[in-house]
Every structure is written in C-alpha cells, then in structure tokens.
K.L.:
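Quick one: the structure is below, questions incoming.
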Amino acid sequence: MSFSITLPDGSKKDFTDAVSISDLAHGIGTSLGKAALGAKVNGQIVALDYKLSKNAEVAIITDRDEEGLAILRDTVAFVLEAVAKKVYPEIHFGEHGTDDEGFYVDTDKENQIKINELPDLEKAVKKVIKAGEKIASCMMSKDELADIFNDDPYKSEMLKAEKGDQVQVYKLGDFIDFGFDALLPNTGKIKQFKLLSVAGAYWKGQSSNPMLQRISGTAFFKKADLDADIKRREEIKERDHRTIGRDLDLFFVDPKVGAGLPYWMPKGATIRRVVERYIIDKEVADGYQHVYTPVLMNVDAYKTSGHWAHYRDDMFPPMDMGDGEMLELRPMNCPSHIQIYKHHIRSYRELPIRIAELGMMHRYEKSGALSGLQRVREMTLNDGHTFVTLDQVQSEFSKILTLILDVYKDFDITDYYFRLSYRDPKNTKKYFANDEMWERSQSMLKKAMDDMGLDYVEAEGEAAFYGPKLDIQTKTALGADETMSTIQLDFMLPERFNLTYVGQDGEEHRPVMIHRGIVGTMERFIAYLIEIYKGAFPTWLAPVQVEVIPVNLDAHSDYAKKVRDELNKRGFRAEADLRNEKLGYKIRESQTQKVPYTLVLGDKELKDKGVNVRRYGTEEEVAKSFDEFISEIKQDVKSYSREE
RNA sequence: GCCACUUUAGCUCAGGAGGUAGAGCACCGCCGUGGUAAGGAGGAGGUCCUCAGUUCAAAUCUGGGAAGUGGCUCCA
C-alpha cells in the first residue's frame, strides 16, 4: 500500500502505512505538530487521531484557523454535556452546535436549568479541564448506539439522521455522544471559555415541537480574545438603539399606554421628519406621485387581496360598526394604492404609474417579538407601488434598485447584501397557486440582477405569498439580519382586484404590480440609523445641530441668543444653553448629547463678532467668523452622510 | 405565542430573615459668575408592575396576570 498526501502549498508526502493527522503534523514540523488541532481532509474536518490511508489533500488546522475555533467550541460543548450528565443524571440532550458567537447545547430535563445554576456548571467544567481528561474517539455501529440511546428520544432521532452504518462517537469517561466533526483529544487543551445564557429553543426549530433549554457559551484560545469578546458584547449593548434612544431622549415605549406603540419625543421626531422629507423629495424627483390614504379600510378589501386568509392572526381584530360594516386597521397599504389606481380608467400611455405614501399601518405582532423601534405594532412604511406593463418590469426594477442604492449612499449605508427571495417549492400551500407565474417572475428577477451585474444569494421560502422579491438585508447592532429595502413582483393582486389598462389595441390588459420599500418603516430605519451612527448623527440629521454656550450669562447671553436666532433663521437647528451652570458642565452635556457643533461665545467672540467652534468628537477649538461658520455647516448639511 | 430571567423615584440601580424604603444622576430654589467633559450645601419626588391568597400586619411569602430582556417560532 502506498499513497501520497498533498499539502496546501502543493508539496506531496508519500506514505506506505496509514498515518494519523497528529503524526503527519509532527512530521512536517515540531511546532506544527504541537499546534495541530485537527485537519481538513478533502474539505472534511477530522480529528487528530484520524488515520490517513489513501491519496488526499490535507490541511492541518491550528488555532489560527476559523475551523480551529469551531473544534475548540465543539469540545467545550461536549465537555459541558458530560459534566451536565453527571450533575443531572436524568438530563437528555438535543442538538448542539457552534457559530460565530460561540457554541450551544440544547438540554431537556424535568426541572429546567436556571440561570443561577450556570456558575456551578462552569466551575465543574473547569475542574474537568484542569484534570486534563482524555477524550477518546471511535466508530460504532448504529445498532449499538441505538441500544445505548434507546431511552433518549432526541438522540434516537438524531441517530436515524446520521448517514452510513458506522457513526463516529466521542467518549469522556462513561459519557458518549456523536454529531461532532472533530474534537480535541484532551480536555486540558481547552483554554478560555464562558457560559453566557440559558434560553428556550424548540426541538428541531419547530414551534410545534417541545421546547428545550439552550445553554449558550463561547470559547477562545487566548484570554485576550475572550476578554475582547466580552467587551464587544458590552459595546453592542451601548450601541443598541433602545439605550441610545433613552440617553438622547429620542423616543419611548410605555407598556402602560400600549406595548409596541412608540412615542416620538421632539428630538426623535426631528430626525424622522428630516428623513421623511428627504425620501418624499427623492421619490417625487424619481416620478412617484405621493398620496394620502386612510388607515381604516373595509375588511372585504383584505379578503379580496388574500391577506385576511393568510395573516388574519397578525391583524388587529376588525371593528364591527353595527350596521354590517366591518372596519379593519390596515396591516399594509397595497389595497389602498390599488384603489387609487382603480379610480380612473388607465391607459398604456400612463404606465408606469408610481404611487407612494408614508403609510401608517398596524400589525398585531406577538408580544415576545416586540423590541424597541425594531419590532412594533404601529409603523409607518415608506411604501410605493408601481403599475407597469409586462415589458416594463425589468426596466422599472432596475430603476427602483438604482434609487435604493443612491439613497444608501446618502445615508452611508454600506453593510448589506442582496437576497432573491423565492417561494418554498415544497410548501406551495402558503403561496399563491400558479406555478407558471412563479417560474416566470422568479426568473425575471434573477435576469434583472444578472443584467445589472450584482451579486446575490437565493433563498427559498422567503417570498411574499403573492410573489417573489429582492430583499436588501442589513444587520442590527445585535447582529440580527433584517430587511431594509424590498422590491416585490406581483401578478396576483392585479388579478384579484381586476386591474386593467387600455392598450394601444383598445383592449383591456392586466398590469403587473411592483411593491417596493426604499428605507422600510420609519421606526426600523431610524433604529438602524441610531445604531450605525451610534447616536452621533451626521449634521443633516442631528436633532440639535448647533449648541451655543455663553461663557458668562450676564455678559454673553444676548450675543448667544443672537447667534442662535441667526442660525435658526437660516434653517439650522440651534439651541442656546442659558442655564445657570458652569461652562465645563455645558460642554460635557453638548458632547454626551453628541451635538455636531458646539459654539462657545465669550469676550473674544463678542469683540470679533465671531464664534469659537468645537466639532463633535474632536478637542480642537477653532475661532471663526460667523459667515465662515455658516458656509462650513451649510456644506456639511448638503453632503448628507456621504464620505467625501 | 413558547422557555428562562427581570419589574423598587423621571433614569441607572441598592435594600428588604414580614412591621409601608435608599444612593447616584436628572428636577426645584439657594450660594457660587465660570474659557472647553460633572462647583457646593439643601429640597421635593415612591400604588416597591398588577390582581388575588396566607397573616394582626405583605414591597418582602404563595398563586394568577401584564410588561420588559435574552433566545426560539413568526415577520405580508
């Protein structure tokens, strides 16, 4: 027997006998041998004791590789299981796994694990780590394992899902488990770990299944990395829009007056107003006609649209008006805009017709889903519907996408990706039944993206029930994926509402409807802006753009008021801090409130008719004439958030 | 909606072996008149989330409910 191993640098090593990953690594170099944690063999992750016996491409994994971290985290998860089994003999385990954040183990036992039991579990794991116990691996037959796990419903089910007849298992003392790619050979190799939380998670991720307890934690090779990660988690909290929203007095949600119903304080309202005016101007310039339509609508419209059948549980219950009329708080604006379209007979000459509105709508989101401004029960959507002929779909699509990307530049939004959201072919029940329509519209979307040369991911099961869509996905401070913008093709509603236009041939034709949102809902968008700017809004959006501070109240208040008034007269948002406090106190507050410009006015400025400017985030003081300052801030506002 | 945790002053939080509570910041007036991140001493402020139960007595113990947080599920 002879075979050769190809290493990442292209070099080859020949062997006549089977060789373990560990020996291979030692053979390459002593330090690599020590650092080796596992290997990738033809792309598959294996443990150190894996025996190579045929030609293969092998890359040794060390703590510098992402896969190394996954091996470490899997090992901690495994040791945690072994320890938990000792502490709670009746415990069962569900799924376990690792991700960017760390690792998790799903558990099930009579009495749920409480958060205050975590420190004891952590201590017990540390003890095992210190003892440096051996983690053994071997192959076992499914039958043998089925006997071992016969009283464990979760493991039995997972075992069935394993491929092949032989399953790789790991052992620590009496404890045995499977489903790991590779583990470290000894508990002593675990360096830094921390248990973070216990939370609920449905077995196999389905809400109809029992709920298990998920213990989450994280692990690193170096203490500095763990410390940095803990610090990162704290910083994320500081960037959370709810924290900043409170500190800067932007908005609040008071459960006593209504969960999920936000109140916009003057400063938050200012930001929102600037965004609303901006987006309306932008859309009007792009050919949209802005309208106002009522938040109440006869429930029949939602029965026609199909929303009632699909989403009734997430809608507010209809109001019975007593005379047979049932009014519904609208959960979306499409049927309203359809009414606008239907109000006249439409000619092909008019198309595309673009209707837009900042439409307020209500959705009865489940209480557990509500979160600050990110998930609410009343929201205002930057909504728009364009009605086009079949021939116009692609050009309209790219026109909308161009607008979106232009808007992103103005807000300096750079961290996003495109997702083509298709229906789930296995679950067609949820979707409008018309295979040909789905095939056609999905390929139209794909072609439009390809023609524009844009990268995207394709996701089945993410479509709207009436059609496929392009979603533009961003991330919140806490790392959750969320849809910022969307373009949706809809062949269904025009059918349901019998929308028509008169063509050149004098006959009636069916238009295609495109639903689109540029910045999504005001609530979610402003939550997003708070997080990307960390509360330090660029000047054009800042609720207070200029804070004017007199050095001495008696001597300089009049001048401060005059400067403030002059700024306000020119359309800037300026405030004068005339409270009876020390200068340092006011400067501090101006900084913690993240005001872009702080002007200090004293004897010098009064004499020169000038201002002393401190830009947020700097410690420089710059003396300027009033006119110089005006042209600086004017330029600043005009540039939006663009980095130029 | 499900699992865990939490809910005390406007905010952030202490405390409470059952006898109706405290700090810092914020707020109000007083003294201080200051040049770039907190001047000083004081005052006011509470349905201890809510509804029941146990008790002479409940903010504290028990149970139901609501909301918040972290997850899970969902998100037109």
Side-chain angles (χ1 to χ4, degrees), chain A residues 101 104 106-108 112-118 196-216 233 237 240 242-243 246-247 249 252-260 302 305-315 330-335 361 363-372 374-375 379 381 430-431 462-467 469 478 480 482-483 486 488 490 493 515 517 524 549-556 580-593 598-605 612-614 618-621:
Chain A
E101 295 286 307
Y104 65 86
D106 287 351
T107 68
D108 184 33
Q112 313 278 14
I113 293 175
K114 303 263 158 65
I115 185 112
N116 57 21
E117 296 172 50
L118 286 189
L196 294 168
S197 68
V198 26
Y202 294 105
W203 165 235
K204 292 170 88 182
Q206 281 175 24
S207 59
S208 51
N209 284 338
M211 177 151 286
L212 310 181
Q213 296 290 114
R214 172 167 294 179
I215 303 176
S216 306
R233 285 170 201 271
K237 252 181 237 160
D240 191 315
R242 290 166 297 190
T243 310
R246 187 186 59 234
D247 291 348
D249 202 21
F252 68 89
V253 183
D254 183 351
K256 288 189 204 77
V257 289
Y302 303 108
S305 70
H307 288 103
W308 178 257
H310 272 86
Y311 294 105
R312 151 181 212 175
D313 288 347
D314 295 322
M315 288 162 68
R330 72 173 171 204
M332 83 294 301
N333 308 309
C334 349
M361 46 197 219
R363 296 178 182 179
Y364 193 76
E365 302 288 357
K366 309 255 192 325
S367 66
L370 299 175
S371 177
Q374 256 149 15
R375 201 74 187 275
M379 68 217 85
L381 185 65
K430 195 179 148 191
Y431 306 97
E462 294 288 348
F465 74 84
Y466 47 72
K469 51 184 182 162
L478 295 171
E482 71 181 9
T483 301
T486 186
Q488 312 174 351
D490 183 359
L493 291 180
H515 308 240
R524 197 174 265 194
I549 303 177
V551 173
N552 179 295
L553 273 188
D554 290 336
H556 313 123
N580 187 11
E581 296 289 351
K582 289 190 64 164
L583 177 63
Y585 180 92
K586 295 179 184 178
I587 294 284
R588 177 175 192 272
E589 189 156 293
S590 180
Q591 294 298 308
T592 57
Q593 289 292 305
T598 303
L599 303 186
V600 173
L601 306 183
D603 287 338
K604 272 181 271 172
E605 290 72 24
N612 185 290
V613 185
R614 174 167 166 174
T618 74
E619 283 172 23
E620 280 173 294
E621 306 156 29

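Just so we're on the same page: letters track the sequence lines, and every chain starts at 1.
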K.L.:
With a 6.0 Å cut-off on the ring centroids, do A/Tyr311 and A/Phe465 count as close?
P.N.:
yes

K.L.:
Have a look at A/His307 and say if it touches a base, only the backbone sugar-phosphate, or nothing, with a 4.0 Å heavy-atom cut-off.
P.N.:
base

K.L.:
Students often get this wrong, so: under 4.0 angstrom with heavy atoms, is A/Arg242 touching a base, only sugar-phosphate, or nothing?
P.N.:
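A/Arg242: backbone/sugar contact only, no base atoms under 4.0 Å.
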
K.L.:
Would you mind classifying the nucleic acid contact of A/Arg246 as base, sugar-phosphate or nothing, using non-hydrogen atoms under 4.0 angstrom?
P.N.:
sugar-phosphate

K.L.:
Go ahead and write out RNA chain B as dot-bracket, 5' to 3': ( ) for pairs within the strand, [ ] for ones crossing earlier pairs, | when the partner sits on another strand, dots for unpaired; Watson-Crick or G-U wobble, both distances under 3.5 Å.
P.N.:
(((((((..((((.....[..)))).((.((.......)).)).....(((((..]....))))))))))))....

K.L.:
Classify the nucleic acid contact of A/Leu370 as base, sugar-phosphate or nothing, counting any heavy atom under 4.0 Å across all strands shown.
P.N.:
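Sugar-phosphate, no base atom in range.
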
K.L.:
When you measure from the side chain of A/Thr107 to the backbone of A/Gln213, do you find a donor-acceptor pair of N or O atoms at a distance under 3.5 Å?
P.N.:
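Yes: the side chain of A/Thr107 pairs with the backbone of A/Gln213.
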
K.L.:
Answer with base, sugar-phosphate or nothing: what part of the nucleic acid does A/Glu621 contact at a heavy-atom distance below 4.0 Å?
P.N.:
base

K.L.:
Inspect the contact between A/Arg363 and A/Asp314 and indicate whether a charged nitrogen and a carboxylate oxygen are less than 4.0 angstrom apart.
P.N.:
no

K.L.:
Contact class for A/Glu101 vs. all strands (heavy atom < 4.0 Å): base, sugar-phosphate, or nothing?
P.N.:
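Since no nucleic acid heavy atom lies under 4.0 Å of A/Glu101, the category is nothing.
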
K.L.:
May I ask you to say what A/Tyr585 touches in the nucleic acid, namely base, sugar-phosphate or nothing, with a heavy-atom cut-off under 4.0 Å?
P.N.:
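Sugar-phosphate, no base atom in range.
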
K.L.:
Check whether A/Arg242 reaches the backbone of A/Arg246 with its side chain - one donor and one acceptor, N or O, closer than 3.5 Å.
P.N.:
no

K.L.:
Would you mind checking if A/Arg524 and A/Glu482 are paired as a salt bridge, meaning a charged N to carboxylate O distance below 4.0 Å?
P.N.:
yes

K.L.:
Heavy atoms under 4.0 Å, any strand shown: does A/Asp247 hit a base, just sugar-phosphate, or nothing?
P.N.:
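Result for A/Asp247 = nothing.
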
K.L.:
Would you classify A/Gln488 as touching base, sugar-phosphate or nothing, given that sugar-phosphate means primed atoms plus P, OP1 and OP2, and contacts are heavy atoms under 4.0 Å?
P.N.:
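It contacts sugar-phosphate atoms only.
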
K.L.:
Look at all strands and tell whether A/Gly205 reaches a base, only sugar-phosphate, or nothing, counting heavy atoms closer than 4.0 Å.
P.N.:
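Sugar-phosphate, backbone atoms only, no base.
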
K.L.:
Between A/Arg375 and A/Glu365, is the closest basic N to carboxylate O distance under 4.0 Å?
P.N.:
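Looking at A/Arg375 together with A/Glu365, the answer is yes, because their closest N to O distance falls below 4.0 Å.
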
K.L.:
Mind checking which nucleotides bracket the chain A contacts on RNA chain B, 5' to 3', with an atom under 4.0 Å from a heavy atom?
P.N.:
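Both ends considered, the range comes out as B/G1 to B/A76.
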
K.L.:
Classify A/Thr598 by what it touches in the nucleic acid, base, sugar-phosphate, or nothing, heavy-atom distance under 4.0 Å.
P.N.:
nothing

K.L.:
For A/Lys586, report the nucleic acid contact type (base, sugar-phosphate, nothing); a contact means any heavy atom under 4.0 Å.
P.N.:
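Since no nucleic acid heavy atom lies under 4.0 Å of A/Lys586, the category is nothing.
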
K.L.:
Hey, does A/Gly584 reach any base, or is it just sugar-phosphate, or nothing, if we go heavy atoms under 4.0 Å?
P.N.:
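If one applies the 4.0 Å heavy-atom cut-off, A/Gly584 turns out to touch the sugar-phosphate alone, with no base involved.
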
